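Worth saying up front: this structure is predicted, and the values here are computed from it rather than measured.
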Amino acid sequence: MMSDIATRRGHSRRALLFSLAVLTALWGAHAQSTNAPGPARRLPSILFILADDLGYGDLGCYGQTKIKTPNLDKLAAQGMRFTDFYAGSTVCAPSRCALMTGFDTGHGFIRGNDLLPLRPQDLTVAELLKGRGYRTGLIGKWGLGNENTTGVPQKKGFDEFVGYLDQVHAHDYYTPYLWRHDPPSSGKPGYDGKIEFPENEDGKTGLYMDDLFSTSALRFLRNNKPDPFNNFRPFFLYLAYTIPHANNEEAKRSGNGMQVPSDSPYADQSWPQTEKNKAAMITRMDSQIGQILKLLDDTGMAQNTAVFFSSDNGPHQEGGVDPKFFKSGGPLRGIKRDLYEGGIRVPLIVRWPGHIKAGSVCPEPFAFWDFLPTAATLADMNAPQPIDGISMLPTLLGDPQTAHHAFLYWEFHEGGFQQAVRMGDWKAVRLKPGAPLELYDLKTDIGEKNNVADKHPEIVAKIENFLKTARTDSDKWPAKAG
């Protein structure tokens, strides 16, 4: 009897010690996840932040002197700033299509602003990363498929979504509703539909949507932090602000389409009110991006998160603002809806601590369609082929960039058919079918002031030859004059 009791006591002690060991291991793993970076070999998370109609010259790190952007300037100082990076198009939808699918506007399905959804066969970067095990989220403006179509975010690889589906709806910073998708789980039924904001009904301005997007981004990051309890699952968050796009409908009503809760810190400036508002919008976005970056830093997520920041096209002349007021295009010619540099060359900043050299600058031309293959290589995947993009990862890591673009191509269909090509330092623009190519040497003429086509017929001939195969025919996007 006594030996049985002793045996049971021995079993109990061993069980207790085992339980304590398990609890200690779990607590140690939790402490590691909250206080220090996890194991060295993990797939990096990816955060892509997109501004809407932000010009090449609208940030301090790109030469802006009046609008304050300290957090994005700091991001550039901590990472790599690209001087020759290009949007997918000079307007919203085709630019975002290029970003998501890896195709330029000569091959992408969406080549202009239209209510045209992505198709099931249009593979997105979110679908690619989700298949690799990433938790994927989209917050903000989508513009690639409205409700009840094949192009809604949840059908294109995003686990979670809150924001605008329609690009015109996205003009309204105080909308009374957004669209939301949350998948069902063991603890909740999920949600798929509209969410309404009574504080914005009947013209009220109680909730500013870009503030909501920032709050939602912070919540997504907290909820999806890679840690031992989710097997260090990485995330991909696409945060698509609408700042500083104009509310064109409000501009028609009041003359000021630059909606923002406050014109601080520019209230005392002697600028036109629309320009105060535009500057306040950009600084407000910069401040909220600062909060997001601080969260990444404070939680240890920054060390294994590649953060990208860019804009979908050049600066607009809408909502009562003049892009010349702040020199929003910097030294570049043209604005939104132009295929000159000011319409398509945009900021790109990328930070990945410990991997990307702080304060580095990249002068090589890259474009939106390079993001998908770059994300694929970050996730240790091969990008699907054929696409137009190439991976920028070697450049980001300071390694030799063996893949280069021989040409970058754009086409634009509003008011006719225009084309543009970049080949090395050469830039060609054709303003309508059959028109002669304009040619500019960007190395000496970044402002595209001097057309030198007649002095370099051999360069013109080479670009003309490329244009013969630069695009696939499309019934929806024919190459014809307006």
Side-chain angles (χ1 to χ4, degrees), residues 53-59 62-64 81-91 94-95 98 104-106 310-318 322-348 361-369 404-467 470-471 481-482:
D53 294 2
L54 183 84
Y56 185 81
D58 276 330
L59 303 180
Y62 281 85
Q64 179 56 232
R81 180 175 64 88
F82 288 68
T83 62
D84 291 49
F85 187 74
Y86 291 91
S89 179
T90 188
V91 291
S95 193
D104 64 29
T105 47
S310 192
S311 175
D312 66 340
N313 47 248
H316 64 73
Q317 191 169 357
E318 300 165 359
D322 182 351
K324 295 179 182 178
F325 187 85
F326 292 117
K327 298 181 180 178
S328 289
L332 309 178
R333 174 183 179 181
I335 58 173
K336 180 180 179 180
R337 294 188 171 83
D338 290 328
L339 289 182
Y340 295 111
E341 293 289 286
I344 53 177
R345 193 188 292 207
V346 293
L348 175 67
V361 177
C362 174
E364 180 160 351
F366 289 103
F368 264 26
W369 46 91
H404 303 272
H405 286 293
F407 301 91
L408 295 174
Y409 174 78
W410 299 264
E411 61 184 48
F412 185 51
H413 294 264
E414 289 187 19
F417 178 69
Q418 302 176 42
Q419 294 173 292
V421 175
R422 175 153 179 182
M423 181 186 74
D425 289 324
W426 298 105
K427 171 72 178 298
V429 179
R430 172 169 281 142
L431 297 179
K432 62 181 180 180
L437 282 176
E438 300 174 12
L439 183 68
Y440 302 94
D441 182 356
L442 297 178
K443 188 173 183 179
T444 60
D445 181 24
I446 194 173
E448 295 172 293
K449 297 177 181 177
N450 302 305
N451 180 4
V452 294
D454 59 341
K455 297 178 182 177
H456 298 278
E458 75 287 358
I459 300 298
V460 172
K462 188 173 183 179
I463 294 174
E464 288 280 18
N465 189 56
F466 162 72
L467 285 171
R471 67 186 309 270

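Interatomic distance, CG of Asn450 versus OG1 of Thr444, reported as 7.5 Å (0.5 Å rounding).
Between His413 and Phe417, the ring planes lie tilted relative to each other; the angle falls in the 30° to 60° range. Relative ring orientation between His405 and Phe366 is described as perpendicular, the plane-to-plane angle rising above 60° on a 0-90° scale split at 30° and 60°.
Take Asp322 and apply the salt bridge (Lys or Arg N to Asp or Glu O under 4.0 Å) test, not counting sequence neighbours, and it matches no residue. The salt bridge (Lys or Arg N to Asp or Glu O under 4.0 Å) test applied to Asp338 returns no partner, not counting sequence neighbours. Asp53 pairs by the salt bridge (Lys or Arg N to Asp or Glu O under 4.0 Å) definition with Lys336, not counting sequence neighbours. For the ring pair (Phe, Tyr, Trp, His ring centres under 6.0 Å) test, residues two or more places apart in sequence or in another chain that qualify with Phe326 are Trp271. Legend: residues meeting salt bridge (Lys or Arg N to Asp or Glu O under 4.0 Å) with Glu364, ordered by chain and number and at least two apart, are absent.
In this structure, the side chains of Leu442 and Arg422 come closer than 4.5 Å at one or more pairs of heavy atoms. Between Thr105 and Phe412 there is no side-chain heavy-atom pair separated by less than 4.5 Å. Side-chain atoms of Leu467 and Tyr409, non-hydrogen and from C-beta on, do get closer than 4.5 Å to each other. At a threshold of 4.5 Å between non-hydrogen side-chain atoms, the residues Leu339 and Ile344 count as touching. Between Arg337 and Val91 there is a side-chain heavy-atom pair separated by less than 4.5 Å.
Remark: of the listed residues Lys443, Arg345, Lys427, Lys427 is the sole one forming a salt bridge (charged side-chain N to carboxylate O under 4.0 Å, His left out) with Glu448.
Side-chain N/O atoms of Tyr62 and Gln64 include no donor and acceptor closer than 3.5 Å.
Screening residues 454-465 for side chain to side chain donor-acceptor pair (under 3.5 Å) gives Arg430-Glu464 as the qualifying pairs, with residues at least two apart or on separate chains.
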